[in-house]
There are 2 protein chains.
Amino acid sequence: MLDHMGLSIGQVAERTGLSVHALRFYEKEGILAHQVHRGPGGRRVYTDQDLAWLKMCIMLRMSGMPVPEIRRYTDLVRQGDGNELQRLDILKEHQERVREQMAQLQECMDLITHKVSVYQDYVNSIDARAVGQ
Amino acid sequence: MLDHMGLSIGQVAERTGLSVHALRFYEKEGILAHQVHRGPGGRRVYTDQDLAWLKMCIMLRMSGMPVPEIRRYTDLVRQGDGNELQRLDILKEHQERVREQMAQLQECMDLITHKVSVYQDYVNSIDARAVGQ
DNA sequence: CTACGAAGTAGAGCCGACTCTAGGTCAAGC
DNA sequence: GCTTGACCTAGAGTCGGCTCTACTTCGTAG
């Protein structure tokens, strides 16, 4: 086992819920802010920062940001100071998309809730009749 | 053009936002409640009910219900009265998933909003400094 | 009578995001 | 010294949901 600082890919998989495959895939896709350090035998050693960054990427993915756009954002961060406005733009755009997505979902939810209550009433009325007999 | 009742596939595509390809695909996948009537030359003629059903399917898809599950639901409806409890189950399950999805999205939204405000403040502070010079 | 546009069918292709396979290295434990 | 298990790489495969292709058939307009 590695010493107390530095996590193996398996440990990161456990902590993030991603598969080791997905972790390697993300790395290949260039969405890790800084190159992952390698330990003996060429094994990946993740820092806590790597973990934190990954967790943010997971949030972005969960909310539907495509991998290539996460890479664009990551690239900006990697390039360092001076491009904060561009980073902000990406985030704001995504924020807008998430907002729309939530509105849509809410609309769907309203419809579903309506249908559920209609069916529930119907089912209840059938039950009541059965009991009454 | 078809007479006032009955829509062509193109008209349905327009009204639903789906492509004609997608409409044929949905039909092949069996997610139309009732078989689409055919007009002269074997062309599809959609009724207003078909349209309404499609719109509901679109809501279910938008909220992430997989096509096979929409089919399961559709099959129940096609089979007619007596299986309302099963329909209700499908809807309730989906409702739960949508609820979870919205909670997740909200979590992501909170993170993004936080990051946006941090970057916004930073960008503003840079601007202020530039103006002050 | 020719051309066009909108429809039809069957089936292949595409895209994104993983997921898995094959074959290999290495350290620890029996 | 052999097995096991976690890791490595490169690249192939999968899956869902369309999307597109190829080719045909109509009905109307020029």
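Chain A is the first sequence line, chain B the second, and so forth, proteins listed ahead of strands; every chain is numbered from 1. Computed from a predicted model, the values in this text were never measured in an experiment.
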Residues forming a salt bridge (charged side-chain N to carboxylate O under 4.0 Å, His left out) with [X], sequence neighbours excluded:
| X | value |
| --- | --- |
| Asp110(A) | none |
| Asp75(A) | Arg78(A) |
| Arg24(B) | none |

Starting at atom [atom1] of [X], determine the distance to atom [atom2] of [N], rounded to an integer number of angstrom.
| X | N | atom1 | atom2 | value |
| --- | --- | --- | --- | --- |
| Leu54(A) | dC18(C) | CG | P | 12 Å |
| Ile70(B) | dC18(D) | CD1 | C1' | 13 Å |
| Ile9(A) | dT19(C) | CD1 | P | 13 Å |
| Arg44(B) | dA7(C) | CZ | C1' | 9 Å |

Given dG17(D), is OP1 or OP2 found less than 4.0 Å from the side-chain N or O atoms of Arg71(B)?
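Indeed not, no polar side-chain atom of Arg71(B) lies that close.
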
State whether Arg61(B) places a side-chain N or O below 4.0 Å from either non-bridging phosphate oxygen (OP1 or OP2) of dG17(D).
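Yes, because at least one side-chain N or O of Arg61(B) sits under 4.0 Å from OP1 or OP2 of dG17(D).
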
Check whether any side-chain N or O of Glu84(B) sits under 3.5 Å from a backbone N or O of Gly82(B) as a donor-acceptor pair, and report yes or no.
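Such a contact is found between Glu84(B) side chain and Gly82(B) backbone.
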
Describe, in one word, how the ring planes of Trp53(B) and Tyr73(B) are oriented to each other, choosing from parallel (under 30°), tilted (30 to 60°) and perpendicular (over 60°).
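Plane angle under 30°, so parallel.
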
Quick one: pull up CE in Met62(A) and CG in Leu111(B) and give me the separation to the nearest 0.5 Å.
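One gets 9.5 Å once the value is rounded to the nearest 0.5 Å.
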
My understanding is that only residues two or more places apart in sequence, or in another chain, count here; which of them pass side chain to side chain donor-acceptor pair (under 3.5 Å) with Arg72(A)?
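With neighbours one apart ignored, the set is empty.
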
Which listed nucleotide (dT9(C), dG17(D), dA17(C)) is nearest to the side chain of Pro66(A)?
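The listed nucleotide nearest to Pro66(A)'s side chain is dA17(C).
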
Every protein N/O within reach of nucleotides 24-29 of chain C N/O, cut-off under 3.5 Å:
none

Under 3.5 Å, is there a donor-acceptor pair between the Thr47(A) and His37(A) side chains?
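No donor-acceptor contact under 3.5 Å links the two side chains.
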
When you measure from every atom of DNA chain C, which of residues 19-32 of chain A have a heavy atom less than 4.0 Å away?
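Per residue number, the list reads Ser19(A), His21(A), Phe25(A), Tyr26(A).
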
